[in-house]
Amino acid sequence: MAATAAAAAARPSLPRTSPRRERSASCCSFAPATSAPRSTCPPSSVIPVQRWRCTVTHTGTWSRRLHGPRWRCTQAQVASGTVDDDEACELVRGTDLVIGQGDDESVRAYLLEAVKNNNGTCVLFLPDVFGFEDSATRDFAYRIACHGYNVLVPDLFRGNPWKKSLPMDGFQAWLAEQAPERVSGDIETCRKWLVDDFLAAAPSKKLGVVGFCYGGGRLVETLARDADSCFSAGVCFYGSRMDASLGAQIAAPVLFVCGDGDPLCPVETVRELERRARGAKAAVYAGRGHGFAHRPESLEDDGDAEDAFAKMKSWLHDHLLA
């Protein structure tokens, strides 16, 4: 125990506590979201991280395919084209975190770290209303990590995400509980941790942000507040409740992905953001509705989902790595 504490103190920005149990992730999967059982363990350690407290925990397994603290793609998955190549998706480590100080200001999050091919950059991943533990969200975040990125997925809803089982007539009341100031504060807490602590030990200091649906709307607000230009790139998938007037305040290049059949993300709003935001680009998919890129429901959705992922990968590479 003393040796573990000494090691943590030596490199406080990159927690490396050995887990009792660690989440696994299906490798580069685009499977539709499914529910998975969740078990909890008491925190395995508390590591002081400069001005931030990171409680590292490991809870249950949510993968239907792979298990263990590191995840390895099978040759069958590589051969079938599920991943681009074995080297790009060999090892990813997942860790549950609590970032921040005090119960009111701390944020739960899930960190996926590329191990073998880590490129030293980070992506802040803002989820949709189903939260940071949703399997479709975790699958997509894991797939990004497969390509060398460190991906942080925060719990924007403080343990109270929207659930598919709830009646839709209660959605607006639930949404009203997500105070914009609290959500933006949680995003800022995670951004500061990534910039001040995690990236401090990385060869690259670049930070990207990806958002889906609710998270896409918050991505626009986050980049509009980014006066210090901490973010080098953004990818917004069918953002809901986006304020197009904020486009002129966005300096980071943003790729906006949407379908022209999505009532929650009007193409007119996306085009206005593309026009106003410097370096922005829109990719509009004909006939696609909301959520097609991370919750494909048909072969047509799946084909466009793969194309959208490829566009996102190129965008992040060009602005974070090139």
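Below, all heavy atoms of this structure are taken into account, side chains as well, without hydrogens, waters or symmetry copies. Please read these numbers as outputs of a predicted model, since none were measured by experiment.
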(request) Using a 4.5 Å cut-off on heavy atoms from C-beta on, say whether the side chain of Leu124 contacts that of Leu194. (result) yes

(message) As an exercise, state the distance from CD of Glu113 to CG of Leu111, rounded to the nearest 0.5 Å.
(response) 4.5 Å

(message) Is the shortest side-chain heavy-atom distance between Val270 and Cys265 below 4.5 Å?
(response) yes

(request) Kindly indicate whether the side chain of Asn160, heavy atoms from C-beta on, has any atom under 4.5 Å from the side chain of Trp174. (result) yes

(message) So that I can tick it off, tell me whether Asp186 and Arg182 are bridged by a salt bridge, with the cut-off set at under 4.0 angstrom between side-chain N and carboxylate O.
(response) yes

(message) Run the side chain to side chain contact (heavy atoms under 4.5 Å, CB included) test on Phe140 and Met312 for me, step by step, so that the C-alpha distance in whole Å, both residues' side-chain angles and the decisive distance to 0.1 Å come before the verdict.
(response) CA-CA 12 Å; Phe140 202 97; Met312 178 202 67; 3.7 Å; yes

(message) Just verifying a value: how many Å separate Ile99 CD1 and Glu105 CD, rounded to the nearest 0.5 Å?
(response) 13.5 Å

(request) Assess Arg218 against Tyr214: is NZ or CZ under 6.0 Å from the centre of the six-membered ring, and within 45 degrees of the ring's axis? (result) yes

(message) For Arg295, is there an ion pair with Asp134 - N to carboxylate O distance below 4.0 angstrom?
(response) yes

(request) Answer yes or no: is there an ion pair linking Arg158 with Glu177, defined by an N-O contact shorter than 4.0 Å? (result) no

(request) Test the Arg143-Phe309 pair against the cation-pi criterion, namely NZ or CZ under 6.0 angstrom from the six-membered ring centroid and within 45° of the ring axis. (result) yes

(message) Any heavy-atom pair between the side chains of Thr137 and Val153 that's under 4.5 Å?
(response) yes

(request) Identify the two heavy atoms, one from Ser184 and one from Glu181, that lie closest to each other, and give their separation to 0.1 Å. (result) OG-O, 3.0 Å

(request) In plain terms, say whether Asp301 and Arg288 are close enough for a salt bridge, that is, a side-chain N and a carboxylate O under 4.0 Å apart. (result) yes

(request) Tell me, with the steps shown, if Val115 and Val92 meet side chain to side chain contact (heavy atoms under 4.5 Å, CB included). (result) CA-CA 5 Å; Val115 177; Val92 172; 5.8 Å; no

(message) With clusters defined by side-chain heavy atoms of hydrophobic residues (ILVMFWY) lying less than 4.5 Å apart, directly or transitively, does Val284 cluster with Phe237?
(response) no

(message) Quick check on the hydrophobic clustering: are Val107 and Leu126 connected, directly or via other members, by side-chain heavy-atom contacts under 4.5 Å?
(response) no

(message) Quick one about His294 and Asp128 (side-chain donor to acceptor, distance below 3.5 Å, no hydrogens or angles considered), yes or no?
(response) yes

(request) Kindly give the heavy-atom pair with the smallest separation between Arg276 and Ala244, and that separation in Å. (result) CD-O, 3.1 Å

(message) Would you say Val183 ends up clustered with Leu246 if hydrophobic residues are merged whenever their side chains have heavy atoms under 4.5 Å apart, either directly or through other cluster members?
(response) yes

(message) I need the Cys122 SG to Leu152 CG distance, nearest 0.5 Å.
(response) 8.0 Å

(request) Could you tell me which non-hydrogen atom of His147 sits nearest to which non-hydrogen atom of Asn119, and how far apart they are? (result) O-ND2, 3.7 Å

(request) Run the ring-centre check on Phe132 versus Tyr110 and record whether the distance is less than 6.0 Å. (result) no

(request) Might you point out which heavy atoms bring Ala251 and Ser229 nearest each other, and give the distance in Å? (result) CB-OG, 4.5 Å

(request) For residues Phe198 and Asn150, determine if any side-chain heavy atom of one lies less than 4.5 Å from a side-chain heavy atom of the other. (result) yes

(request) Supply the atom-to-atom distance Ser106 OG to Gln101 CD, rounded to the nearest 0.5 angstrom. (result) 10.0 Å

(message) Which heavy atom of Gly217 sits nearest to which heavy atom of Met242, and what is that distance?
(response) CA-CG, 3.8 Å

(message) We want to know whether Tyr285 and Asp307 form a side-chain donor-acceptor pair, criterion being a heavy-atom distance below 3.5 angstrom.
(response) yes

(request) Would you give the length of the straight line joining atom CG of Leu223 to atom CG of Leu219, rounded to the nearest 0.5 angstrom? (result) 4.5 Å

(request) Identify whether Phe171 and Leu264 are in the same connected component of the hydrophobic contact network (ILVMFWY, side-chain heavy atoms under 4.5 Å). (result) no

(request) Could you list who else is in Leu299's hydrophobic cluster, with ILVMFWY side chains joined at under 4.5 Å, directly or through other members? (result) none

(message) Closer than 3.5 angstrom, by distance alone: can the side chain of Asp260 be matched with the main-chain N or O of Gly287 as a donor-acceptor pair?
(response) yes

(message) Would you say Val220 ends up clustered with Val267 if hydrophobic residues are merged whenever their side chains have heavy atoms under 4.5 Å apart, either directly or through other cluster members?
(response) no

(request) Validate the cation-pi geometry between Lys281 and Phe256: distance from NZ or CZ to the six-membered ring centre under 6.0 Å, angle to the ring axis within 45°. (result) no

(message) With a 3.5 Å distance limit and no angle check, can you tell me whether Asp302 reaches the backbone of Ser298 through a side-chain donor-acceptor pair?
(response) no

(message) Less than 4.5 Å apart, side chain to side chain, heavy atoms only: is that true for Phe231 and Lys206?
(response) no

(message) What's the separation between atom CZ in Phe292 and atom CG in Asp262, rounded to the nearest 0.5 Å?
(response) 9.0 Å

If you look only at distance, which donor and acceptor atoms sit under 3.5 Å apart when one is on a side chain in residues 315-322 and the other is two or more places apart or in another chain?
unit_1, atom_1, unit_2, atom_2, d
Trp315, NE1, Gly234, O, 3.2
Trp315, NE1, Pro253, O, 3.4

(request) Might you point out which heavy atoms bring Leu207 and Arg191 nearest each other, and give the distance in Å? (result) CD2-CG, 4.0 Å

(request) State, with a plain yes or no, whether a side-chain heavy atom of Val257 is found less than 4.5 Å away from one of Lys311. (result) no

(message) When you compare the side chain of Arg108 with that of Pro154, does any pair of heavy atoms fall below 4.5 Å?
(response) no

(request) State yes or no: are the ring centers of Phe212 and Phe125 separated by less than 6.0 Å? (result) yes

(message) Donor-acceptor check, side chain of Glu274 to backbone of Ala282, threshold 3.5 angstrom: yes or no?
(response) yes

